[in-house]
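What follows is one structure encoded as C-alpha cells, with my remarks underneath.
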Amino acid sequence: MFTLVDMNSASTHAYDHARSTPPRALATEAVHAGRDDLARQGLHAPPIDLSTTYPSYDSRGEAARIDAFATDGAEPEGPPIYGRLGNPTVARFETALARLEGTESAVAFASGMAALSAVLLVRASLGLRHVVAVRPLYGCSDQLLTAGLLGSEVTWVDPAGVADALRPDTGLVLVESPANPTLAELDLRALAHACGSVPLLADNTFATPVLQRPVEQGARLVLHSATKYLGGHGDVMAGVVACDEEFAGRLRQVRFATGGILHPLAGYLLLRGLSTLPIRIRAASETAAELVRRLTADPRVARVHYPRIGGAMIAFEIHGDPHAVIADVRLITPAVSLGSVDTLIQHPASISHRIVPEPARHGAGVSDRLLRMSVGLEDIEDLWTDLNEALGRTPRGTKMPALSTRGV
Ligand SMILES: *Cc1c(COP(=O)(O)O)cnc(C)c1O
C-alpha cells in the first residue's frame, strides 16, 4: 500500500510544485524536501518500504522499463521492480539531498567508500582509469587510489599541478575541502577551471551543503560519507553522490550491477537526520569556533587548524603526547568518525590515516602530534573542562620518545 501511495506521488508533487511552491531556503528544504507529497496523502512520517521485490502482472511492461534503465539508468517509471534497482524510501533521501546540494539528482550507497567506488567504476567502464588527486584525502580514499584496487592509477599533485597532470585517459579529479584530517581548504572554482572537461569530484563530507555547495563552484560530483553529518547521530552508515542526472544514471547502473545499495531503514534515518542538519551544524560550529579561540591562546597547543568557512571540525597539534590526551578524555568520546551529536576526538596518525604510508602522511601535513576533534552539541564549558583536563596532563614541552612505535 505504501508503495502505491509513493508511486502516485510523483505527479502530485510536480503539480504542487509548479502551482504554489516558491524557491525555498536551505532550512526549509532540510525539513520538507523528499516529503512534499506526504500531507496530501494523510501521512506525516515518511513510509518505510522494506520490500525486496514488487509483484507485477505486466511482464511486457517490466521488460520495457528494464530496457529503459539499461539505456540511461533513469529511475524506472511506475512501480519499483526489485530492491537493488531502487527503493521509494531511499529515493526520498536522494531527492532531499539533491535539493540541498543544488543538483538534479543524488544516488545513495551503503557507505561513503561504496559511493566513491561506484564513481571510479563509472569512469573505468569508459576506459578512463587515471585519477588525479590532491592530498590529504580521507585515509581509505587515499588507500583505494594508491592500491589501485579498482584498476585505477593515481597521480598525486598539489592543487596548482592539476591541469598539467591531466591525460587523455584521466577520468576524475578528486579533492576534499576542507580536507580530512588537516581541514586544508582548496579553491574549488580554480580547480574546476583547471579540470576542463574532466569531472571534478569534491568530497563535501566535512562542510555539508549548509556551509558549501561545491556544484555552485564548478564541481560536477559531490560526495558525502552520509555516515557523518547527514545521518548525524552515529547510528547509520551510508554514502551519496549528488550530481547531474546523466552521471546519476550511470551510478544507478553500477549500483544495480555491483550491489552497494543503501538499506531502506538507513534511508529513513538519513532523511530524518537531514531535517536537523542546518541547526546541528550551526550550533556545533559556534562551539567549535569558541574552542578554537581557547586552543589558539593555549601554550600547550602548537598549532590550530580551522577552516575559513567554519564548521564543527577542529584539528590541532600539541607540544605533548597526543596518546595521553586520547587516554585522558572523560566526556569527549575517544573514537574515529565524526559528525555525531557527541564530541569525538581521535589521533589521525594512529587511526583514520594509519593506512596512508608515513611519508605521504607527513607530506600532506598530517603530523604525528595532530589531533582531530568533531565538536558535538554539548555545552561549551563542559567540553572545555574535559579538554583542559586532558591537555593538562600533557606537560608543556614533553618530548615524545618513540612516538611512531607507540602508534597503534
Ligand atoms: C568517513 C569518510 C569517508 C568514507 O565514508 P564511509 O561512510 O566510512 O565509507 C569518505 N570521505 C570522508 C571525508 C570521510 O570522512
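Both counts, for ligands and for their atoms, begin at 1 and track the order of listing. These numbers were taken from a predicted model, which means no experiment stands behind them.
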Out of all atoms in ligand 1, which are within 4.0 Å of some heavy atom of [X]? Include the element for each.
X: Asn180; result: 14 (C), 15 (O)
X: Ala238; result: 7 (O)
X: Glu176; result: 13 (C)

Any donor-acceptor N or O pair under 3.5 Å, side chains [X], [Y]:
X: Gln346; Y: Ser352; result: yes
X: Arg280; Y: Thr276; result: yes
X: Glu185; Y: Ser177; result: no
X: Arg372; Y: Asn180; result: yes
X: Asp368; Y: His362; result: yes
X: Thr89; Y: Asp49; result: no

Please report which non-hydrogen protein atom sits nearest to [atom], along with the residue it belongs to and the distance in Å to one decimal place.
atom: atom 4 (C) of ligand 1; answer: Tyr138 CE2, 3.4 Å
atom: atom 5 (O) of ligand 1; answer: Ser225 OG, 2.9 Å
atom: atom 2 (C) of ligand 1; answer: Lys228 NZ, 2.5 Å

May I ask you to check if ligand 1 and [X] share an N or O to N or O distance below 3.5 Å?
X: Gly112; answer: yes
X: Leu223; answer: no
X: Asp203; answer: yes
X: Thr227; answer: yes

Practice problem: Return yes when Ala226 approaches ligand 1 closer than 4.0 angstrom through a heavy atom, no otherwise. | Solution: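 False for this residue.
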
Exercise. Pick, from Arg372, Met113, Met237, the option with the minimum heavy-atom distance to atom 8 (O) of ligand 1.
Key: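 Closest candidate by heavy-atom distance is Met237.
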
What side-chain donor-acceptor pairs closer than 3.5 Å can you find for residues 106-122, not counting sequence neighbours?
unit_1	atom_1	unit_2	atom_2	d
Ser111	OG	Met113	N	3.4
Ser111	OG	Ala114	N	3.1
Ser117	OG	Met113	O	2.8

Self-check item: Within residues 247-305 or reaching into it, pairs that qualify as ring pair (Phe, Tyr, Trp, His ring centres under 6.0 Å) - sequence neighbours excluded
Solution: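 Passing the test, one end in residues 247-305: Phe69-Phe256.
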
